[in-house]
Each structure stands twice: as C-alpha cells, then as structure tokens.
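Here the structure comes first, spelled out in structure tokens, and everything after it is commentary.
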Amino acid sequence: MEHFQRLSDDDLATCVHCGLCLDACPTFRVTGLETESPRGRIYLMTQWKRGTMRFDEEQVRHIDLCLGCRTCEAVCPSGVPYGRIIEAGRADVEDARRLSFKRRASRVALRQLLGHPARLRAFGALTRTAQAVGLTSVVRSGRQLPRLRGQFRPPAGRVAPAIGERKHRVAFLVGCVMPILYPQSHDAAVKLLQLAGCEVWFPAGERCCGALFAHNGDLEGAERLREANTRVYSAEHFDALIVDSAGCGAHLKDFYPGLKGRVKDLSEWLAEVGLPEPRREVKVRVTYQDACHLAHAQRIKKQPRELIRSMPGVELVEMRHPDICCGAAGLYSTLEPDMSRRILEQKLDDLMGTRAEVVVTANPGCQMQLEAGLRPLGSAIRVEHIAELIARAY
Ligand code: SF4
Ligand code: SF4
C-alpha cells in the first residue's frame, strides 16, 4: 500500500506471534480482545503494509487504542521493537486516513502550542487565572489539570552552581508542559543535582523535545524540534542531559542520535553519581508507579526504588502491578477517555490496596492521571514526583 512507507518489513517480521506479550498489554487486559493486543496490532499493520487487508476506519481504532506504553516490548522474547513500529505505524496511518476533527485539533494544538515556549507560558498564565476565578471548565482538559502554582524559571545566567565541590556539569531539560504543570518537581530535581555536585546548565533556546509529536504520529513535527534542539545542545559542553520526565527521556534516547549515551533520567543519574547522606527522616508509606517510558522504554526500574529505599523513615510498599500503565499515555486520556478510564480504574484498585500515603512516579502525565483518578474518590493519597519525595530528606 503506497501510504505505508515508514513501517519497516524487518521490524514487523521480528514478531513470531507467540502471544507472550498479551497479558502485559493494558488494553488486552481490559478487553480480552486479540485485536486490542500487541500481536493483533502487529498483524494488522503487517497486512496493511503488504496491501493484503483493506485499510478502514474501523480497523484503525485498534491502532488508536494502543497506549504506546511499550510494556509489550519489555516482555517480548523476540526483541520486537514495538515502540519504533507503533510510531512509524501511527505516522503511516495518519497519512492514509481522514483525520477526525478531534485528532486534527490535537495535531494543530501540538504544533501551535507545545513547539512554542512563549505561547505555552501564556497558556499557563491564562489557565492559572481561570483556575483562580473558578473558570477551569473553559479549558478543554481542565478536569485533568492540576492546580497550577506558578512556573519554573531557570536561575539568572541559566546556571545553578553545584553545592560543595563541583564534580559534573549537566544540562537540564526544562521541557514544555512540566515547568507549567509541575514546577515544584523541577525545583526539587535541580536541588538534588546541585547536592550531588552538579553544576546545572539550562540551555537557552531549547524547545519541546518532540515526544508528544512522535507518539501522536507527527514525525515531521518531531524532526523539526530535534533539529532546533540539536543546534542548542551542540553549543556547549556537558557531561549528561538530565531529564525528569520519563516520556521525554525515552524520546531523547531513541530519537536524538547526537546525544547517544548522554541522556540520563534523573534517578539513573543520581544512582550513578550518588547523593550525600540524607539529613532527615521522612516517615511516610510510599508506593511507586513505574512510568511506562521509564520502566519499559528505558528499562529503569531498580534505580528509583533504590533511591526511595535509601531514605530513612520511608516505607516502600509495592502494588501488585506497578509497571502496568495508568492510562495517561501522553494525549491518550484526552483522545481516548473511555479506555483510559477503564485502565485507570484497575490502577486505582491496585493503588488503594497498598494503603500508601503517597504514590510516587517520574512522569507528569502519570501524575496528572493519578491525581485525576484520586480526586473524585476523595482519597487522601498524595501524588508526588520522585524528586519531590527524595528532596524532602534534605
Ligand atoms: S510481540 Fe513479541 S511477545 Fe508479542 S506475539 Fe510478537 S513475538 Fe510474541
Ligand atoms: S504499547 Fe502498550 S497498549 Fe500498545 S500494544 Fe504494547 S502493551 Fe499494548
């Protein structure tokens, strides 16, 4: 089929249809349908690529409903590069289909908003005002937005000095939505880096990394951002680019060959370079939600848990399925609210069973999703970024 140019025959052929990924797939777990499983989706994309199956909107729904969480990739014994397959498949699908109004609108919003830091800051200020006067319903996704508390701003001179001896120089990804939605997570992350002996550089002119564009099938938009950011990152020397948002970290590792080996998730880096001894006890019962793009795409599960366990007073209790998606998945909770809610309900059941006071994660989308699920239940469980929790010990 002429439209299916990006999907690779070699990638698709790595699937041997064993089905070992099925039980790990959140949409299969909720529906029990082969068509909502990794194997079913790979089969469908293979047939479209070969031109042996008619491409129609009904079938495309199975691709839309994929979270892109990559749990299947982590458990697949054949090494199927599912993340690459679904990104290429989505881009091919978006070329071949007539986009629904909702999907067209999401693409325009991404290009017009996320790619432009000044517009995003203005959007953040407007939303804060709307929240202050009780008008959040004017914002489409207002029901999911946390209460905004100002914006993260890099220090004067765009450098935060190391506390104590300077051992490393790192760049810090400020990103697009995180400085607006969760400035306190960035504040805590930077403080931890400084404590770990890092001088932290905030590159001027850095744009959104492009993760949400790529996940949404807009690979051209993602490429434009990569080119702009690559110019910014080549301007100065740094040991590592530190990322405290799992989705961005996974995208930077996969999509920016110029940064190969130098992109580090915050917990990965802190585990490597070490933090000083904690200064105080934090008595709290915590459970950890693996962000899919940290656990499955970056295969980082051990380091965040070790950091949490290293805090005096903290009790870490595991959920039954901490590494199953919460249903956030970038724009998924907005584009596919019904399936997202069904997946979230399973997550909340699991979460409540731990009797934790705090649920910790490492991705703003997961934070928002968990908060949106817990709020209507009147639950007292707080949602925190891992950096916030660890910083409480200093
Ligand atoms: S994706 Fe991997 S685990 Fe799933 S059916 Fe294919 S080969 Fe098996
Ligand atoms: S990426 Fe997630 S939702 Fe999509 S097929 Fe794989 S496990 Fe299922």
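Given the structure is predicted, the values throughout are model-derived calculations rather than measurements. In listed order, ligands and their atoms are each counted from 1. Position 1 is the first residue of the sequence, and the numbers go up from there.
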Quiz item: Are the side chains of Leu173 and Ile242 in touch, meaning some heavy atoms are under 4.5 Å apart?
Solution: no
Exercise. Spell out, as yes or no, whether a donor-acceptor pair under 3.5 Å connects the side chain of Arg382 to the backbone of Glu357.
Key: no
Quiz item: Please state which protein non-hydrogen atom is closest to atom 2 (Fe) of ligand 1 and give its distance, to 0.1 Å?
Solution: Cys76 SG, 2.3 Å
Quiz item: Which of the numbered atoms in ligand 1 are below 4.0 angstrom from a heavy atom of Gly19?
Solution: 5 (S), 8 (Fe)
Quiz item: Atoms of ligand 1 less than 4.0 Å from Ser78 heavy atoms?
Solution: 7 (S)
Quiz item: Which value, rounded to the nearest 0.5 Å, describes the distance between Leu351 atom CG and Leu344 atom CG?
Solution: 9.5 Å
Quiz item: So, Lys49 side chain and Phe4 main chain: donor-acceptor pair closer than 3.5 Å or not?
Solution: yes
Quiz item: Where is the nearest protein heavy atom to atom 6 (Fe) of ligand 1: which residue, which atom, and how far?
Solution: Cys15 SG, 2.4 Å
Quiz item: In Å and rounded to the nearest 0.5 Å, what is the CZ to CD distance from Phe172 to Glu206?
Solution: 9.5 Å
Practice problem: Check whether any side-chain N or O of Ser234 sits under 3.5 Å from a backbone N or O of Thr230 as a donor-acceptor pair, and report yes or no. | Solution: yes
Quiz prompt | Near atom 4 (Fe) of ligand 2 (under 2.8 Å) - protein N, O or S atoms | solution = Cys66 SG
Quiz item: Got a donor-acceptor contact below 3.5 angstrom from the Arg279 side chain to the Ala393 backbone?
Solution: no
Quiz item: For atom 7 (S) of ligand 1, what is the nearest protein heavy atom, given as residue, atom name and distance?
Solution: Val16 N, 3.3 Å
Quiz prompt | Under 3.5 Å: donor-acceptor pair, side chain of Arg90, backbone of Glu87 | solution = no
Quiz item: Of the options Arg226, Lys260, Arg70, which is the one that meets Asp254 in a salt bridge (charged side-chain N to carboxylate O under 4.0 Å, His left out)?
Solution: Arg70
Quiz item: Partners of Tyr332 by ring pair (Phe, Tyr, Trp, His ring centres under 6.0 Å), sequence neighbours excluded?
Solution: none
Quiz item: Which atoms of ligand 1 are found less than 4.0 Å from any heavy atom of Pro77?
Solution: 3 (S)
Quiz item: Which protein heavy atom lies closest to atom 4 (Fe) of ligand 1, and at what distance to 0.1 Å?
Solution: Cys21 SG, 2.3 Å
Self-check item: Nearest-contact summary for atom 8 (Fe) of ligand 1 - protein heavy atom, Å
Solution: Cys18 SG, 2.3 Å
